[in-house]
Amino acid sequence: MTDRNQTKESPEKKAAGIYAASLVKNGDAVGLGTGSTVAYTIRELGRRVREENLQIKGVVTSYQSEAIAIEAGVPLTSLAETPKLDIAIDGADQFDKNLIAIKGGGGAHTREKIVSMSASRFVIVSDPGKKADVLSAAVPIEVMPFGKELVMDSLKKLGGTPALRAAVKKDGPVITDNGNFVIDCNFGEIKNPKELAKEISQIPGVVEHGIFMNVTETVIGKADGSVEVIQK
Ligand code: 5RP
């Protein structure tokens with residue numbers, strides 16, 4: 001799991017983030033994910049807008065990506081105005097060889113899923129530590145506060161160990177940008193992520209889970225500034 005308080009530069013994340021910005025073309029509508037890796041992409045897109053006169057419009061997935069995009073000077077739009085996106089770029093907590101990803105370390109996965117599903121191309125930017133043979137990261141699940149008990153109980157019945165995500169510098173749970181809670185559920189090794197995704201979705205009170213099956217390519221940054229690109 002990502003260190004959410006990471007403040008120091010990561011050359012791996014930077015390499016991936018900056019490379020992904022080069023995939024964006026003039027005229028594109030771009031989904032802008034959340035997290036420390038895609039923050040490099042958003043800032044690089046801002047540089048391209050300023051220095052290369054790149055004409056793009058971004059759709060943000062969180063208050064965090066909105067603030068970074070505004071500071072970087074990336075023009076923004078909404079899904080209401082621009083429902084079809086050319087490309088979405090985002091980070092991940094883990095992904096496997098089939099490019100199934102677990103996301104939501106920042107609690108933004110519901111909007112990230114809506115935005116990425118609105119895009120023709122969905123690029124994950126990552127450092128090498130996120131790649132796994134078998135997915136085993138805890139799955140973030142956004143839940144309506146009213147349904148928390150039923151969701152926790154149902155997740156246990158699915159073999160998981162759920163934990164309500166606690167806030168930092170606030171007593172009590174994390175509240176998402178949508179006003180909900182997040183449950184991180186550990187399932188150990190996830191042998192069949194597709195089936196698990198379906199089962200979690202069926203629990204009443206679940207707003208969205210962090211299993212993503214719509215990734216089209218992954219950019220893994222290396223410390224020397226090079227990248228490995230894996231296409232689906
Ligand atoms: C936010 C996410 C992030 O993209 C994911 O947690 C990766 O973050 P980082 O790039 O900081 O490692 O899913 O909800």
Side-chain angles (χ1 to χ4, degrees), residues 1-21 30-45 58-69 72 87-96 99-117 119 122-132 135-143 165-168 173-186 193 197 200 206-223 227:
M1 178 68 67
T2 305
D3 175 5
R4 306 310 313 178
N5 299 318
Q6 177 191 328
T7 46
K8 64 176 173 44
E9 285 261 305
S10 160
E12 291 99 338
K13 290 182 176 191
K14 187 174 183 179
I18 290 180
Y19 177 86
V30 189
L32 304 171
T34 297
S36 57
T37 317
V38 76
Y40 287 108
T41 307
I42 301 172
R43 293 197 183 98
E44 172 64 6
L45 287 172
V59 173
V60 295
T61 50
S62 62
Y63 292 129
Q64 188 208 46
S65 57
E66 180 179 63
I68 296 170
I87 183 169
I89 304 171
D90 206 340
D93 301 306
Q94 199 175 48
F95 60 90
D96 68 9
L99 301 193
I100 296 180
I102 293 180
K103 293 183 41 52
H109 57 279
T110 300
R111 293 188 190 202
E112 292 172 338
K113 197 171 281 184
I114 293 169
V115 166
S116 65
M117 292 288 288
F122 180 31
V123 181
I124 286 290
V125 284
S126 151
D127 57 80
K130 308 278 182 68
K131 194 175 168 190
L135 294 172
S136 61
V139 179
I141 300 157
E142 180 163 0
V143 298
R165 192 179 293 181
V168 178
V174 159
I175 308 291
T176 68
D177 290 2
N178 312 309
N180 295 312
F181 293 163
V182 177
I183 292 171
D184 292 301
C185 194
N186 190 342
I200 300 172
V206 166
V207 177
E208 194 51 76
H209 59 75
I211 301 174
F212 282 58
M213 283 168 292
N214 58 325
V215 177
T216 57
E217 60 221 272
T218 300
V219 178
I220 305 169
K222 309 280 170 63
V227 296

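Ligands are counted one by one from 1 in listed order, and the atoms in each one are counted from 1 as well.
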Closest heavy-atom contact between Gly221 and Ala15?
CA-CB, 4.0 Å
Test of proximity, Val38 against ligand 1: N or O pairs below 3.5 Å
no
Distance from Ile100 atom CD1 to Gln94 atom CD, nearest 0.5 Å?
12.0 Å
Residue Gly107 vicinity, atoms of ligand 1 by number, heavy atom under 4.0 Å
14 (O)
Out of Ser36, Gly129, Ser10, Gly210, the nearest non-hydrogen contact to atom 9 (P) of ligand 1 is supplied by Ser36
Does at least one non-hydrogen atom of Gly33 fall below 4.0 angstrom from an atom of ligand 1?
no
Side chain, backbone, both or neither: which applies to Ser126 and ligand 1 if a contact is any heavy-atom pair less than 4.0 Å apart?
neither
Closest by any non-hydrogen atom to atom 2 (C) of ligand 1: pick that one out of Glu112, Arg111, Lys13, Gln94.
Glu112
Spell out, as yes or no, whether a donor-acceptor pair under 3.5 Å connects the side chain of Asp90 to the backbone of Thr34.
yes
Before you tell me yes or no, could you show the steps for Ile124 and Leu99 under side-chain contact (heavy atoms from CB on, under 4.5 Å), namely the whole-Å CA-CA distance, both residues' side-chain angles and the distance that decides it to 0.1 Å?
CA-CA 9 Å; Ile124 286 290; Leu99 301 193; over 6 Å; no
Spacing of CD1 belonging to Ile102 relative to CG belonging to Leu135, to within rounding of 0.5 Å
4.5 Å
For the residue pair Ser62 / Asp177, report whether a side-chain donor-acceptor contact shorter than 3.5 Å exists.
no
Glu142 side-chain N/O to His109 backbone N/O, donor-acceptor pair under 3.5 Å:
no
In ligand 1, which numbered atoms sit nearer than 4.0 Å to a non-hydrogen atom of Gly104?
2 (C), 13 (O), 14 (O)
Within the 4.0 Å heavy-atom shell around Ala108, which atoms of ligand 1 are there?
14 (O)
Near Gly91, which atoms of ligand 1 are under 4.0 Å from a heavy atom of that residue?
4 (O)
Would you find a donor on one side and an acceptor on the other, under 3.5 Å apart, between the side chain of Thr61 and the backbone of Leu32?
yes
Proximity to ligand 1 by part of Asp127, non-hydrogen separation under 4.0 Å
neither
Under 4.0 Å to a heavy atom of Asp90 - the qualifying atoms of ligand 1, by number:
4 (O)
Just wondering, more than 12 heavy atoms not from Met117 lying within 6.0 Å of its CE?
no
Using a strict cut-off of 4.0 Å, indicate which atoms of ligand 1 neighbour a heavy atom of Asp93.
5 (C), 6 (O), 7 (C)
Quick note on ligand 1: atoms under 4.0 Å from a heavy atom of Thr34 include exactly 1 (C), 2 (C), 3 (C), 4 (O)
Looking at ligand 1, does any of its N/O atoms fall within less than 3.5 Å of an N/O of Gly35?
no
